[in-house]
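One structure is given below, encoded as structure tokens.
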Amino acid sequence: MKALRRKLLRDAWRLRGQVLTIAAVITCGVAAFTGALSAHDSLLTLRERHYESGRFAQVFAPVRRAPQRLADALHAIDGVADVETTVAGRVVVSIPGETEALSGRVIALPRHGPPRMNRLTLRAGAFPSREDAYGLLVSEAFASRHRLVPGSSLQLLMNGRRSDFTVRGVAVSPEFIFAAAGSAMADESRYGIFWASRELLDGVYDMGGAFNYATLRVPLENDIPAVIAATDRLLARFGGLGAYGREDQASHRVLQQEIDEQRIYGALFPAILLGVALFLLNVMVSRHVATERLQVATLKSLGYGTARIGAHYFGLVLVIVVIGTLAGTGGGIYLGRLLTALYTRYFHFAEAGYLLRWTLPAMALLATLLSALLATAAAIRVIVRLPAAEALRPPVPTLRTRSLLERLSGRRGPSPRVAMGLRDFTRWPLRAALTVLGMASAVAILVGGSWWGDAFDALMHVEFGLRERADVILNLTEPRGPGVLHDAARLPGVLQVEGSRDLGVELRNGSRHLRTALVGVDDDARLHRALDARQQPLILPPDSLAITAIAARRLDLAPGDLVWVQALEGSQPTRAIRVGAIAGNFIGRAVYAPRRLANALAGETRAYSTLRLTVAADQRKALLQALPGLPGIAANSDKARLLADFRGTTARNLLVFTGILSAFAAAISIGIVFNSARVALAERTWEFATLRVLGLTRLEVSALLLWQVGLQVLLALPLGCLLGRGLAALTAWLIAADELRIPLVILPSTYAYAAAMTIAAALGSALVVRRRIDTLDLIAVLKTRD
Amino acid sequence: MNAPISDDLVFEARGLCKSYGDAAARVDALRNVDLSVGGGEFIVMLGPSGSGKSTLLNLLGGLDRPSAGMLRYRRTDLTQADEAALTLYRRHHVGFVFQFYNLISSLTALENVQLATDLVAAPLDAAAALGLVGLSDRRDHFPAQLSGGEQQRVAIARAIAKKPDCLLCDEPTGALDVQTGRQVLEALARVNQDLGTTTIVITHNASIAGMADRVIRLRDGHIDGIVANERKVSALELDW
């Protein structure tokens, strides 16, 4: 081994504390980058493969009842490569021994062979045979939650008709990778997808020679809008419910949002971590090369060239970057697998798997290396370009002055020890500021990573405490007159009943359009209210709509504007309705209207499609058990159960997420404090030894060092809390979607947690450095010149 | 020859040894040194490099502990003192002056002295200590604004401001030219005379010997001879 390389390795070993703590920050950055982006790639690949192998359709067209011959007309639309029609419907599910209120969707299997589009992948069992009218396939998430296996029995209530079925197989479908009734909040374990015999469903839903759901394959993306429009025109006469593309398809939309989130995390957190790592590298290398003046002079006098010596010092940077990138890639693979596994609990793909593109670690290495080169080049250049003779002389002492603070406070200064601390702190103002900023970024990452719990609690409070206040919600199979309210009031334990008319609508403003649910509420509704942006109940002006801020932005609408509204049920004419207010929903993109207006849009007089009940606590179970037997109810949801499940899921995910970010923040705090204390100690070893000789105790000298760290932490905490709030606001803004808006709520306990973690990490690493004060070699230090 | 000027001994060493390293590579820096130093004495220790004079000074100053033998400061046994006791000993009884001044660069001359006066209950006034070494007009200057001689005099002021019993100086003129060196030695002599501080100066510069009460020569880790000067010369008369 060349002597210079041996020196490099020994330098790295001697500085191992700093090398490792900086490498740890790089590790976290590379791990966050590789982990989030490999999870992104994996989800994307798994989805694309599933879409490809499962021939996921591009356009989906629900309709009330269209004759089978219309399939040819749909096929004839320009750009359509294939059309498949089927029968689908909402079902209420009863499983023996299960008291829970369950709902789902049943879809007919083709008469001959497997589906051509939205193909099923069997997880267990087999397709039911043609003769097996009461055999069905069940979606994987639902099956695993309710322990359904081939041979299990269940009962479906379809169109008011109750039938017993036997599970023949368990399947996944590209159409229901996330199987829920339309929003990210829905719980797929309570929403089953069933595939059953076409003959049977034709009978149940009265679809002989007809269909109520078509899927279209449209190979060219550009054709899709025209195909949707043409499909709507063709189906309008038959009660078209509005064709839509993948971006409005429930499963695709939820999946897309999660995939996009990974990209955001894959950029945001690594950028912060890399910034901190570069700063630490700069400080460490600057200090290291400054102590190497004599060695540089010696090497030069031996005949080593400037470039060779520069490369030698950059070698140290290289060692750190390579250690950090290698460990970070390992960590990233672990993290990527963890995130992918976490997602595949909710997303049911045809294949399992994790994909790491080799370009990710290569990009991470290249980006880290280049930025590390930039961060340290100036410091290395100054030293290696010193003429040998000059390098042999000690550096010219810097003229020290009183700090600005002292000058402002007048002649009588603080005690010498306080003055020392102040002047040393302000000696390198940029470095001090960056140290504080770096520490603040640790606090910020902690706040920005653990505020989700607060936000979700606030969201739950608004959505389920203020907006949706019913205990049980019943969706009716058909809209019914006011008598249904009285019927419901007679159900066991029911205290209050309110109804709303919910229907699918398309909103149009010029070329912009949006399909969504319209909720028609009575003026005196208490159990489900539209809320304004400040979460106050919204009084809807007659003949006007309240739309969410996101919908308003998407449609370029403001209160007072007119919007064209068409009900997706029946064939009612489009009406221009005024936007009366902006609704402050966090979940969903439903629009609100007075119930009368909703009825008018659907072309009916007073009718309700959804009932909301409050129930005596002791009767809740009895009610839920009675519901599956009642006719006219398509689905029901029990708020308490929904909330408990949602909280359980969220809590588990938050724990993983917060755990990972806490590790990042700890790496930053330790990295910053250890390095800044280590450099401060290195720069002041001589001073500290002198003070020890003068008679200052170890504790007193340690206090001088810790005082500086303490001041930095003290300044970093409020700044970090502010930055954390900013980071939270940024992530909330970046991931805000149609379905879910995150309120920016951060409780004091979250700030306190972030502060406590940072202080603990800082204190720990400062105390490790402090121990070196105990072993200062007083005699050796005093024999040398500073 | 152990002839204290006053009866109360400041230092008393018997059979003092200091060795470094393990058995295989042991270096005996000090071997069987017997020494008594009386209150108010001005002692110059001479010896070539490696003779053990710095080791002896470090032991006397409580910077290091002997390997064997007995070392006493007044009635305190330094041989048995632990780290904390040695720190307190240095704090209250010893003033150090080093070859490279060891001033804190971020503190002014006055503040450097205050650093020492803050440590003890009844110190000299910091400004008065600076006056004693002739630097009243440089009190607000930072070390980088002072010449080498001035810096060394600030170091002396800092050492004496605690009113220590003894002043231990390791090559105090080693980094200075003759003229500046004389000023520094003059300051040391004045402190010794005015405050009665026992002063031990180690140097390899034999010319300084003339200003001492006693001259102790060291060689190979033991005392080679002790000479009492019949007549002390003033620092200003020295030349080298």
Side-chain angles (χ1 to χ4, degrees), chain A residues 394-403 406-407 410-428 680 683-704 707-708 773-786, chain B residues 18 20 29 54-55 57-59 61-64 83-120 126 140-146 151 155 158-159 161-162 164 168 170-171 174-175:
Chain A
V396 181
T398 33
L399 181 60
R400 310 292 290 277
T401 54
R402 287 186 171 77
S403 65
E406 293 171 73
R407 272 176 277 166
R411 179 147 184 90
R412 180 108 195 113
S415 83
R417 271 187 258 173
V418 175
M420 259 175 92
L422 271 179
R423 288 169 202 170
D424 278 308
F425 189 68
T426 51
R427 181 177 177 189
W428 313 105
E683 285 174 349
R684 300 172 67 189
T685 296
W686 191 83
E687 275 184 14
F688 288 156
T690 303
L691 295 173
R692 289 278 291 122
V693 171
L694 277 180
L696 263 71
T697 61
R698 286 171 182 173
L699 204 66
E700 286 167 326
V701 174
S702 304
L704 285 174
W707 182 90
Q708 194 163 334
I773 287 181
D774 296 347
T775 55
L776 279 182
D777 185 348
L778 304 187
I779 297 164
V781 166
L782 297 177
K783 285 287 176 195
T784 54
R785 211 191 160 97
D786 182 25
Chain B
K18 179 69 190 177
Y20 297 101
S54 287
T55 306
L57 192 82
N58 292 337
L59 293 180
L63 289 176
D64 211 347
E83 175 59 38
L86 286 180
T87 301
L88 278 179
Y89 163 64
R90 290 198 299 270
R91 186 174 197 143
H92 295 292
H93 305 294
V94 187
F96 279 98
V97 177
F98 308 100
Q99 181 177 2
F100 297 118
Y101 335 130
N102 288 57
L103 298 181
I104 306 296
S105 59
S106 57
L107 298 180
T108 62
L110 186 70
E111 288 164 341
N112 261 288
V113 180
Q114 282 171 342
L115 203 53
T117 59
D118 284 352
L119 290 175
V120 291
D140 290 327
H141 288 63
F142 283 92
Q145 296 167 306
L146 299 171
Q151 289 188 54
R158 183 177 67 183
K162 295 190 295 187
L168 303 177
D170 192 349
E171 298 279 6

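In what follows, chains carry the letters A, B, and so on, assigned in the order in which the sequence lines appear, proteins first and then strands, with residues in each chain numbered from 1.
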Which heavy atom in [X] sits nearest to a heavy atom in [Y], and how many Å separate them?
| X | Y | answer |
| --- | --- | --- |
| A:G695 | B:L119 | C-CD1, 4.3 Å |
| A:W686 | B:F100 | CZ2-O, 4.0 Å |
| B:F98 | A:V693 | CZ-CG1, 3.3 Å |
| A:P416 | B:Q114 | CG-CB, 3.4 Å |
| B:D118 | A:S415 | OD2-CB, 4.4 Å |

Within the structure provided, determine whether [X] and [Y] are in side-chain contact (heavy-atom separation under 4.5 Å).
| X | Y | result |
| --- | --- | --- |
| B:R91 | A:L696 | no |
| B:E111 | A:R423 | yes |
| B:R158 | A:L694 | yes |

Residues in salt bridge (charged side-chain N to carboxylate O under 4.0 Å, His left out) contact with A:R684, at least two apart in sequence or another chain: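 With sequence neighbours excluded, A:R684 shows a salt bridge (charged side-chain N to carboxylate O under 4.0 Å, His left out) to A:D424, A:E687, given in chain and number order.
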
For the residue pair A:R692 and B:T87, confirm or rule out a side-chain donor-acceptor distance under 3.5 Å.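 Yes, B:T87 and A:R692 have a side-chain donor paired with an acceptor closer than 3.5 Å.
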
Can you list the residues that meet the side chain to side chain donor-acceptor pair (under 3.5 Å) rule with A:S702, with sequence neighbours excluded?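 With neighbours one apart ignored, the set is A:R770.
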
Of the listed residues (A:L699, A:D774, A:T697), which shares the most heavy-atom pairs with chain B below a 4.5 Å separation?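 Top option by heavy-atom pairs under 4.5 Å: A:T697.
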
Please identify, among B:N112, B:V120, B:L103, the residue contributing the most non-hydrogen atom pairs under 4.5 Å to chain A.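 Most heavy-atom pairs within the cutoff with chain A belong to B:L103.
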
